[in-house]
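Computed from a predicted model, the values in this text were never measured in an experiment.
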Amino acid sequence: MSAYCSTCSSAILRPPTYNNLTRSRGGGLVRRSITLTATTRSSRMTTTAASAYAKEVEVETSPLKKGIAEFYDESSGIWEDIWGEHMHHGFYDPDADVSLSDHRSAQIRMVEESLRFASVSDDPVKKPKSIVDVGCGIGGSSRYLATKYGAQCKGITLSPVQAQRAQALASAQGLADKVSFQVADALNQPFPDGQFDLVWSMESGEHMPDKTKFVGELVRVAAPGATIIIVTWCHRDLSPSEESLKTDEKELLNKICDSFYLPAWCSTADYVKLLQSLSLEDIKAEDWSKHVAPFWPAVIKSALSWKGVTSLFRSGWKTIRGALAMPLMIQGYKKDLVKFSIITCRKPE
């Protein structure tokens, strides 16, 4: 997995060193797995090495998890107040002229387009009946999916504030018997193997410090035949002749990492290779950057409104720092460096 946050200045972000990375066939840097079956190019990790690496990952990621939780504890209220219950991009027609009132419907469209891309069935017999929302925010996707399919849905987040608010909204909407939320780590999910027939991750993958373990957990909790949907920020794919991103690209990503509590970035191709390595089926990926282009300008516009400015100052420094970094995301999209990607697959029967 490509690691391009290696010079982030924040103490919260202690990304992997290059000593813990190996080169993938696609040219990205892949962090060695902490499982005992993981391999480098030449040798299998020993039990001692794997144990030591596991401890290193735990030490490195605990401050990151704390930072992510606090960031969303602070910022979720202002987001809901201005943008509603869906804490993710909207889906737009390319070059569409949209007004601020269009954005909430565009967020619903993002959910529907993701389901369509993954070919999730509406058939009463084939539709999902058990769903997990990994990185659920305040539960917008969870409640929508539970209502659409009549399914049971469980959401997990690192933020206690988000989990509490998500449950309160579920109760207010009459869905307390359909959805539930808890504070849990996506890299160590509190669910048994093979529990869910739809595994949903909407814009949470970018926060995961170990993409191999993240994908492995999504696959583990998926039932045989389940659909897995990952919608996430990535960096551009490397060309066959490239060993890494350009220096200015790395610097821009580092700035974004520092503001949004992100660890190492990876490419869409890296995700696809991970899924292929786990023998997943019907693997598909697409760059949806052109479909989210109006989103960040709209977020900036809302942040600069009187309501947005006063809410920012009430929410705290972490939220303010994130708001100040929003133009960097636009810059990344314009440079074709930051990609908004969807990756879907199916677990074999």
Side-chain angles (χ1 to χ4, degrees), residues 1-33 40-41 56-57 60-61 64 67-68 89 201 203-215 230-277 283-293 295-296 321-322 324-343:
M1 212 59 52
S2 307
Y4 296 118
C5 242
S6 58
T7 59
C8 287
S9 60
S10 171
I12 289 294
L13 297 172
R14 295 187 57 207
T17 64
Y18 284 91
N19 292 332
N20 286 327
L21 301 167
T22 56
R23 180 67 56 186
S24 74
R25 285 179 295 175
L29 289 171
V30 181
R31 195 163 198 184
R32 292 196 295 258
S33 171
T40 62
R41 281 190 171 187
E56 176 190 347
V57 170
E60 288 181 347
T61 60
L64 175 62
I68 293 169
H89 285 68
S201 172
E203 295 187 41
S204 62
E206 54 269 19
H207 284 297
M208 306 302 168
D210 188 331
K211 302 297 192 293
T212 301
K213 192 170 184 181
F214 168 55
V215 171
I230 304 169
V231 183
T232 188
W233 309 350
C234 295
H235 67 63
R236 65 173 178 83
D237 292 342
L238 299 180
S239 70
S241 63
E242 288 182 303
E243 288 293 316
S244 68
L245 293 175
K246 300 172 185 176
T247 299
D248 65 316
E249 292 176 323
K250 296 178 187 178
E251 290 174 350
L252 178 57
L253 289 186
N254 289 341
K255 292 176 183 178
I256 295 171
C257 285
D258 200 27
S259 297
F260 290 116
Y261 293 90
L262 305 178
W265 289 63
C266 72
S267 68
T268 308
D270 289 326
Y271 270 112
V272 170
K273 288 181 174 64
L274 270 178
L275 296 172
Q276 290 172 337
S277 74
I283 301 170
K284 298 190 295 182
E286 194 164 280
D287 176 10
W288 279 2
S289 301
K290 64 183 180 182
H291 292 294
V292 300
F295 180 78
W296 285 99
R321 185 171 64 173
L324 293 174
M326 289 188 291
L328 298 177
M329 289 296 295
I330 295 177
Q331 184 180 348
Y333 280 125
K334 288 182 176 180
K335 287 178 172 287
D336 285 328
L337 168 62
V338 173
K339 297 294 184 178
F340 188 88
S341 300
I342 181 168
I343 308 103

Subject >> Leu262 vs His207, side chain to side chain contact (heavy atoms under 4.5 Å, CB included): CA-CA, chis, key distance, verdict >> reply: CA-CA 5 Å; Leu262 305 178; His207 284 297; 3.4 Å; yes
Nearest-0.5 Å distance, [atom1] of residue [X] to [atom2] of residue [Y]:
X      : Y      : atom1 : atom2 : result
Leu253 : Asp258 : CG    : CG    : 12.5 Å
Met329 : Leu252 : CE    : CG    : 9.0 Å
Met208 : Cys266 : CE    : SG    : 11.5 Å
Leu245 : Leu337 : CG    : CG    : 6.0 Å

Find out whether [X] and [Y] are in side-chain contact, i.e. whether some heavy atom of one side chain is under 4.5 Å from a heavy atom of the other.
X      : Y      : answer
Lys284 : Ile343 : no
Leu274 : Phe214 : no
Lys255 : Gln331 : no

Using atom types as modelled and distance alone, determine if a side-chain donor or acceptor of [X] lies under 3.5 Å from a backbone N or O of [Y].
X      : Y      : value
Asn254 : Lys250 : yes
Lys211 : Ala264 : yes
Thr232 : Glu206 : yes

Original post:
So Glu242 and Arg236, side chain to side chain contact (heavy atoms under 4.5 Å, CB included) or not? Walk me through it.
Top reply: CA-CA 12 Å; Glu242 288 182 303; Arg236 65 173 178 83; 2.7 Å; yes
Original post:
Going through the checks in order, is the side chain to side chain contact (heavy atoms under 4.5 Å, CB included) test met by Tyr271 and Ser341?
Top reply: CA-CA 10 Å; Tyr271 270 112; Ser341 300; over 6 Å; no
Subject >> Lys/Arg N to Asp/Glu carboxylate O, Lys339 vs Asp287, below 4.0 Å >> reply: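 Judged by the 4.0 Å cut-off on N to carboxylate O distance, Lys339 and Asp287 do form a salt bridge.
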Least distance between heavy atoms, [X] atom then [Y] atom:
X      : Y      : value
Val338 : Ser289 : O-OG, 4.0 Å
Glu243 : Leu238 : O-CD1, 4.0 Å
Cys257 : Pro263 : SG-O, 3.4 Å
Gly205 : Ser201 : N-OG, 4.0 Å

Subject >> Non-neighbouring partners of Phe340 that pass ring pair (Phe, Tyr, Trp, His ring centres under 6.0 Å), sequence neighbours left out >> reply: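 Phe340 satisfies ring pair (Phe, Tyr, Trp, His ring centres under 6.0 Å) with His89 only.
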